[in-house]
Amino acid sequence: MSVRVRMAPSPTGLIHIGNVRTALFNWLFARHHGGEFRLRIENTDTSREVAEAAAHIQESLRWLGLDWDGPVTFQLDRMADCAEVARRLVDEGKAYEDEGAIRFRMPDEGATAWDDVVRGHVEFPNEKLEDLVLVRSDGRPTYNFASPMEDVWDGITHVIRGEDHISNTPKQINIIHAVGAELPVYAHVSHVLGADGKQLSKRHGSVNIDDFRRDGYHPSALMNFLALLGWSYDDKTTIMSRDELVERFTLERVVPSPAAFDYQKLDWMNGVYLRALPPEEYADELVRFLREQGYDWDEELVRRAAPLVQDKIERFGQFAEFAGFLFREIEPDPALLDGDTPVVAAARDELERVEPFRAAEIEAALRGLAERLELSPRKAFQPIRIAVTGSKVSPGLFESLELLGKEESLRRLSAAAATSAA
RNA sequence: GCCGCUAUCGUCCAGGGGACUAGGACGCCGCCCUCUCAUGGCGGAAACCCGGGUUCGAAUCCCGGUAGCGGUACCA
């Protein structure tokens, strides 16, 4: 039998990264088995905000590379079908009217149980199950009625969802039994916590896909990282391509305990992905990122700067701070230059004679200068770096000077020599 | 309160009766490389929640406790 799963987010604002991880597990499971991954929006109203949230969810999944099968469906579209089933259940005595609403009769004795793929046997005493409202007095079905019914109608074989749904499951199982349908396999995935082990929230930084996108993370890195939150292939493998993930993913290796989101590990992993990119592709993505973020920096210069930063930064979002000196004015802190102005001045004079103004020639000239001044390369180059980049941290100095250009380099060196001397 | 889920280095995972002197990764610390920062290489510190039980033997199985989380809606 072919596998069919679904992601059923509610369109309330931006989609949370924990839900994205659940979506990823669904997607990996479906692709691994050559089955279908459906997207269903659990809307209860048709407001403008809902429409925007639904669009945002799709955009987020698409960016991560999670494609779905078939059209996006909306819960509200099956309102009438739900009402009909509810009426039938009333006729059969399995549900009853209660002040305009329709309530489902839960069994009073025994227990409702299922074998959860990630948690094993789970069992709830039926006496704890209250008769739940199927249809509200205004005619709209409730989530615990509509959701399992849609799973039935859509032929969902595996329900992979967050652990917050564990206690909804016995209710939904009883409803599915009542309508005489077959039960899906359930897999309840744990929650994703913030770095402090508390609920992931805004104060932890990025919690929705837009944030990760804005910070310059690579979708493949984020996917790899998310996959490892609660799942592993073995005891050694960490870096896995999207194809490897699909090939290796199984629900059996998903752990039941909650996972804390470690931003430092994500940063490291993103760096691994960015460094592994072919230079050309790296430049393309960097350019695209900067454009998306609203920078109007010269594309040609960005492309030339790309190789200088590729193994230096972990996120595209760091480019502006790290290489921004190439594109805008700088203001070196005079305190950082304290006592080093003679070196800066000497470097200025030395570089004035360098022709062509290329990294190799620049390096030869500056190394010669350091030697003559009897300064270690470290001591000699740092003031120059500060004068030219405005920072103690920068891409390679000689390459940076070349990209900056002779005229601008000399101008900055002169300025620094003058400013701090005063 | 009641019901349920969870519990291995700081973090993510591996290990599921003897192979454990508990393995890998991030992070951290040290050394090497080095124009800064990174990258890369080498090394190090770091964990089985607590208490009972089962067993020749428990990180692993069972029970209890504790803690965290979820649910307990005419929310999803």
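Convention: sequence-line order gives letters A, B, ...; per-chain numbering from 1.
- Rounded to a whole Å, the CZ atom of A:R253 is 17 Å from the P atom of B:rC12.
- Across all strands shown, B:rU72 pairs with B:rG1; the Watson-Crick or G-U wobble distances both stay below 3.5 Å.
- Atom pair A:I239:CD1 and B:rC26:C1' shows a separation of 10 Å (rounding to whole Å applied).
- Searching all strands for a Watson-Crick or G-U wobble partner of B:rU54 with both distances below 3.5 Å returns nothing.
- We find that CG of A:D262 is positioned 11 Å from P of B:rC26, with the value rounded to whole Å.
- When each of B:rA76, B:rG10, B:rG23 is scored by its nearest atom to the side-chain atoms of A:E42, the top-ranked nucleotide is B:rA76.
- Of the nucleotides present, none pairs with B:rA47 by Watson-Crick or G-U wobble criteria with both distances under 3.5 Å.
- When both pairing distances are held under 3.5 Å, B:rG40 makes a Watson-Crick or G-U pair with B:rC32.
- Straight-line distance between the P atoms of B:rU66 and B:rC50: roughly 16 Å, to the nearest whole Å.
- One interatomic measurement links the two molecules: CE of A:M240 to C1' of B:rA25, which rounds to 11 Å at whole-angstrom precision.
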### Message
Between A:F37 and A:W68, does the ring pair (Phe, Tyr, Trp, His ring centres under 6.0 Å) criterion hold? Intermediate values first, please.
### Response
CA-CA 5 Å; A:F37 171 60; A:W68 56 91; 7.6 Å; no
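- How far CZ of A:R21 is from CG of A:N26: 11.0 Å, rounded to the nearest 0.5 Å.
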### Query
What string of B, S and - do you get for nucleotides 58-75 of chain B, 5' to 3', when a contact is any protein heavy atom under 4.0 Å?
-----------SSS--BS
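- Straight-line distance between the C1' atoms of B:rA22 and B:rC37: roughly 37 Å, to the nearest whole Å.
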### Message
For nucleotides 29-51 of chain B, give me one character per nucleotide, 5' to 3': B if any protein heavy atom sits under 4.0 Å from the base, S if the only such contacts are to the sugar-phosphate, - if neither.
### Response
------BBBBSS-----------
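- Checking B:rC12, B:rU6, B:rA14 against every side-chain atom of A:R119, the shortest atom distance belongs to B:rU6.
- Across all strands, A:R161 comes closer than 4.0 Å to no nucleic acid atom at all (heavy-atom distances).
- In this structure, B:rA25 and B:rU11 make a Watson-Crick or G-U wobble pair, each of the two defining distances being under 3.5 angstrom.
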### Query
Checking ring pair (Phe, Tyr, Trp, His ring centres under 6.0 Å) for the pair A:Y143/A:F145: CA distance, chi angles, key distance, verdict?
CA-CA 5 Å; A:Y143 164 79; A:F145 179 43; over 10 Å; no
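- Atom C1' of B:rC56 sits at a distance of 22 Å from the matching atom of B:rC48, rounded to the whole Å.
- Between the side chain of A:H218 and the main chain of A:Y273, no donor-acceptor pair closer than 3.5 Å is present.
- Exactly one residue among A:F212, A:F289, A:F225 makes a ring pair (Phe, Tyr, Trp, His ring centres under 6.0 Å) with A:Y217. That residue is A:F212.
- A:N144 comes within 4.0 angstrom of a base, heavy atoms only.
- A donor-acceptor pair under 3.5 Å links the side-chain atoms of A:R253 to the main chain of A:Y233, judged by distance alone.
- Look at the C1' atom in both B:rG10 and B:rC29: the space between them is 14 Å, to the nearest Å.
- Comparing B:rG27 with B:rG44, their C1' atoms are spaced 14 Å from each other, to the whole Å.
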### Task
Check the pair A:F316 / A:Y282 against ring pair (Phe, Tyr, Trp, His ring centres under 6.0 Å), numbers first and verdict last.
CA-CA 10 Å; A:F316 284 136; A:Y282 183 91; 5.3 Å; yes
